[in-house]
S.K.: 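Sharing a structure, written as C-alpha cells. Questions coming.
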There are 2 protein chains.
Amino acid sequence: MEKAGREIMYSVFRIQKALYRLVREDATRVGITEVQLIVLYTLFKKENIRLNDLAEKLNMSNSTVSGTIDRLVSAGLVMRETSREDRRAVTLRLTEKGREKLIEAFNHESVLVQRLRKIENEIEAADIEKLLSIHQTIKDILLGEE
Amino acid sequence: MEKAGREIMYSVFRIQKALYRLVREDATRVGITEVQLIVLYTLFKKENIRLNDLAEKLNMSNSTVSGTIDRLVSAGLVMRETSREDRRAVTLRLTEKGREKLIEAFNHESVLVQRLRKIENEIEAADIEKLLSIHQTIKDILLGEE
DNA sequence: CACAAATAGTTCTTATGCGAATTATTCCTA
DNA sequence: TAGGAATAATTCGCATAAGAACTATTTGTG
C-alpha cells in the first residue's frame, strides 16, 4: 500500500480512538455508553429528528441506531413518537432526564471539553483551518467525488 | 462544547468512517470482515507478533483481538503458537492461505489502494506533512501529554 | 383508483469492542 | 525458595455495528 496514505490512515485511526476514549470517560461517569452520549448530544442539537436522519448524521446504519434508541428509551432519556405527517416515521426527542444527563456529562469535569478547548488554544486558527480543508479534500477523494 | 474542537472531531469521525468503508469493500470482496483484513495486514507487516502487541498496535483491547484471532484461526488464515520464551504468551503468524487472502484483498481491484494513491498524488507533500504534524499535536493533547 | 415501487423502522444474525473476572505462567522479594 | 504480585491470554456479559429480511406505510404511474 501507499506509504503516505497509510500514515494518514493510521493517524486518523489513532485520533479517533483517543477521542472515543474521552467521550467514553464522560459517558461512564454519568452511567451511559459513549454512543448513547453522542446520540443524546445530537438530539440536543437537533430536536424532533427522525431515526433515519439521525443514523445518517452519525454515519451509522439505522438498525444500529434503532437498538441504541431502544436502550435510551428504556433508560427514560429519549422519547420515540410516531410522526403525524408520515406514520411510517419516528421522531426522537430528549426527555428532561436526558437533557440533564447530557449537561452533567459535559460539565466542568469533562476532560473531553477541556482537551478540545486546549486544542483550540494551542493550535493556531490558521492551522486548524488548513487541517479542516485538507480533511475535506481527503474525505472527497475517499468518497470518490472526482 | 468548543466549536473548532467539535468540528475537528466530526471531521475525524467522517474520514475514519470513509476509510473503514473502503477497507470493508476489499474485505467483503475476499469474504472476510474489515477488522480481520486489518489484522492480516498487520501480521503481514510484522511476523510472530504477540497478541498483546497486536492489540496495542491496533488500539484495541486484547479481549477484542482474542476473539478476532479465534475467527481467523477457524478460517485457516492465522496460526496461534505458544511462545517458547514465555509460555503465557501466544505468537501469531499468517498461514499461506492468509497471505494469499491479503494479497488478493489489496490487488489492483482495491478501491482503497487507488484512493490512497490519489490522496498522495493530489495533495502536496508539504500539506501531507503539515497534516500529520497537526495530527500528532492533537493526539498528544487528547492523550494528555502536557 | 389500483397496485407495484419506494421508504421508514424493526428484528435477526454475526462480528466487533470493551471491562471485569478468570486461568496459567513468570517475576519478585522476604 | 516459597508465595504473592505481575503479566499474557481467554472467557463472559453487554453494547455497538452492519446487512438482510420483514412490516407498515406512502408514493408514483398507468
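Keep in mind that the numbers below use all heavy atoms, side chains included, and drop hydrogens, waters and symmetry copies. Here is how names work: the chains are called A, B, and so on, in the same order as the sequence lines, proteins then strands, and each is numbered from 1.
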S.K.: Taking atom types as modelled and ignoring hydrogens, do the side chains of B:Asn52 and B:Glu56 form a donor-acceptor contact shorter than 3.5 angstrom?
M.R.: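 Per modelled atom types, B:Asn52 and B:Glu56 side chains form no pair under 3.5 Å.
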S.K.: Quick one, B:Val35 and B:Met60 - any side-chain contact, counting heavy atoms below 4.5 Å?
M.R.: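 They are in side-chain contact.
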S.K.: Between B:Glu47 and B:Arg99 (salt bridge meaning N to carboxylate O under 4.0 Å), is one present in this structure?
M.R.: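 Between B:Arg99 and B:Glu47 there is a salt bridge, with a charged N closer than 4.0 Å to a carboxylate O.
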S.K.: Sugar-phosphate atoms are those with a prime plus P, OP1 and OP2; base atoms are the rest. Using that split, label each nucleotide of nucleotides 1-8 of chain D B, S or - for protein heavy atoms under 4.0 Å, 5' to 3'.
M.R.: -----BBS
S.K.: With heavy-atom distances below 4.5 Å as the criterion, would you say the side chains of A:Val78 and A:Leu94 are in contact?
M.R.: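 Side-chain contact under 4.5 Å: yes.
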S.K.: With the threshold set at 4.0 Å, does a side-chain nitrogen-carboxylate oxygen contact exist between B:Arg29 and B:Asp26?
M.R.: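 Counted as a salt bridge, because a side-chain N and a carboxylate O are separated by less than 4.0 Å.
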S.K.: In the structure I gave you, are the side-chain heavy atoms of A:Val65 and A:Val39 within less than 4.5 Å of one another anywhere?
M.R.: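 Answer no - side chains too far apart.
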S.K.: A:Lys17: which residues meet the side-chain hydrogen bond (donor to acceptor under 3.5 Å, both in side chains) condition with it, sequence neighbours left out?
M.R.: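 For A:Lys17, no residue satisfies side-chain hydrogen bond (donor to acceptor under 3.5 Å, both in side chains) once neighbours in sequence are set aside.
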S.K.: In whole Å, I'd like the distance from the CG atom of B:Leu37 to the C1' atom of C:dA15.
M.R.: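 For the pair B:Leu37 CG and C:dA15 C1', the rounded distance is 15 Å.
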S.K.: Separation of B:Ile49 atom CD1 from D:dA9 atom P, in whole Å?
M.R.: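 Taking atom P of D:dA9 as the reference, CD1 of B:Ile49 is at 10 Å.
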S.K.: In chain order, what residues pass the side-chain hydrogen bond (donor to acceptor under 3.5 Å, both in side chains) check against B:Arg21, with sequence neighbours excluded?
M.R.: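 Here no residue qualifies.
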S.K.: Mind checking B:Thr33 for me? I need base, sugar-phosphate or nothing, with any heavy atom below 4.0 Å counting as a touch.
M.R.: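 If one applies the 4.0 Å heavy-atom cut-off, B:Thr33 turns out to touch the sugar-phosphate alone, with no base involved.
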S.K.: Using whole Å, what does the distance between atom P of nucleotide D:dC14 and atom CD of A:Gln36 come to?
M.R.: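 So the CD-P distance, A:Gln36 to D:dC14, works out to 14 Å.
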S.K.: Check whether any side-chain heavy atom of A:Leu77 lies under 4.5 Å from a side-chain heavy atom of A:Gln36, and answer yes or no.
M.R.: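 In short, these two side chains do not touch, never coming nearer than 4.5 Å.
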S.K.: For C:dT10, take OP1 and OP2 only and decide whether either is under 4.0 Å from a side-chain N or O of A:Arg80.
M.R.: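 A:Arg80 to C:dT10 OP1/OP2: side-chain N or O found under 4.0 Å.
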S.K.: Can you measure B:Met60 atom CE to C:dG19 atom C1' for me and round it to whole angstrom units?
M.R.: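 To the nearest whole Å, that distance equals 16 Å.
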S.K.: Taking the side chain from B:Asn107 and the backbone from B:Glu104, do they hold a donor-acceptor pair closer than 3.5 Å?
M.R.: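 It does hold such a pair.
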S.K.: Which of residues 24-32 of chain A have a heavy atom under 4.0 Å from DNA chain D?
M.R.: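 Heavy-atom contacts with DNA chain D come from no residue of residues 24-32 of chain A; none.
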S.K.: Please give, in whole Å, the distance from C:dT16 P to B:Leu40 CG?
M.R.: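 Answer to the nearest Å: 11 Å.
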S.K.: Specify the residues of residues 63-73 of chain B, ordered by number, for which at least one heavy atom lies under 4.0 angstrom from an atom of DNA chain C.
M.R.: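 Listed by number, they are B:Ser63, B:Thr64, B:Thr68, B:Arg71.
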S.K.: Quick one: label B:Asn59 by what it contacts on the DNA or RNA (base, sugar-phosphate, nothing), any heavy atom closer than 4.0 Å.
M.R.: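 The residue B:Asn59 makes sugar-phosphate contact but no base contact.
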S.K.: Using whole Å, what does the distance between atom P of nucleotide C:dT26 and atom CZ of B:Arg87 come to?
M.R.: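 Atom-to-atom, B:Arg87 to C:dT26, this comes out as 6 Å.
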S.K.: In whole angstrom, what separates A:Glu56's CD from D:dA18's P?
M.R.: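 Going from CD in A:Glu56 over to P in D:dA18 covers 13 Å.
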S.K.: Does a side-chain heavy-atom distance below 4.5 Å link A:Tyr20 with A:Ile38?
M.R.: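 A side-chain contact under 4.5 Å exists here.
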S.K.: A:Ser11: which residues meet the side-chain hydrogen bond (donor to acceptor under 3.5 Å, both in side chains) condition with it, sequence neighbours left out?
M.R.: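 Counting only residues at least two positions away or on another chain, A:Ser11 forms a side-chain hydrogen bond (donor to acceptor under 3.5 Å, both in side chains) with B:His135.
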S.K.: According to a strict under-4.0 Å criterion, is B:Tyr20 in side-chain N/O contact with OP1 or OP2 of C:dG17?
M.R.: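 So the side chain of B:Tyr20 is within the cut-off, an N or O lying under 4.0 Å from OP1 or OP2 of C:dG17.
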S.K.: Report the distance from atom CD of B:Glu85 to atom P of C:dC27, rounded to the nearest whole Å.
M.R.: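 Interatomic distance, CD of B:Glu85 to P of C:dC27: 11 Å.
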S.K.: For A:Glu34, which contact category applies under a 4.0 Å heavy-atom criterion: base, sugar-phosphate, or nothing?
M.R.: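 Answer is nothing: A:Glu34 stays at 4.0 Å or more from every strand.
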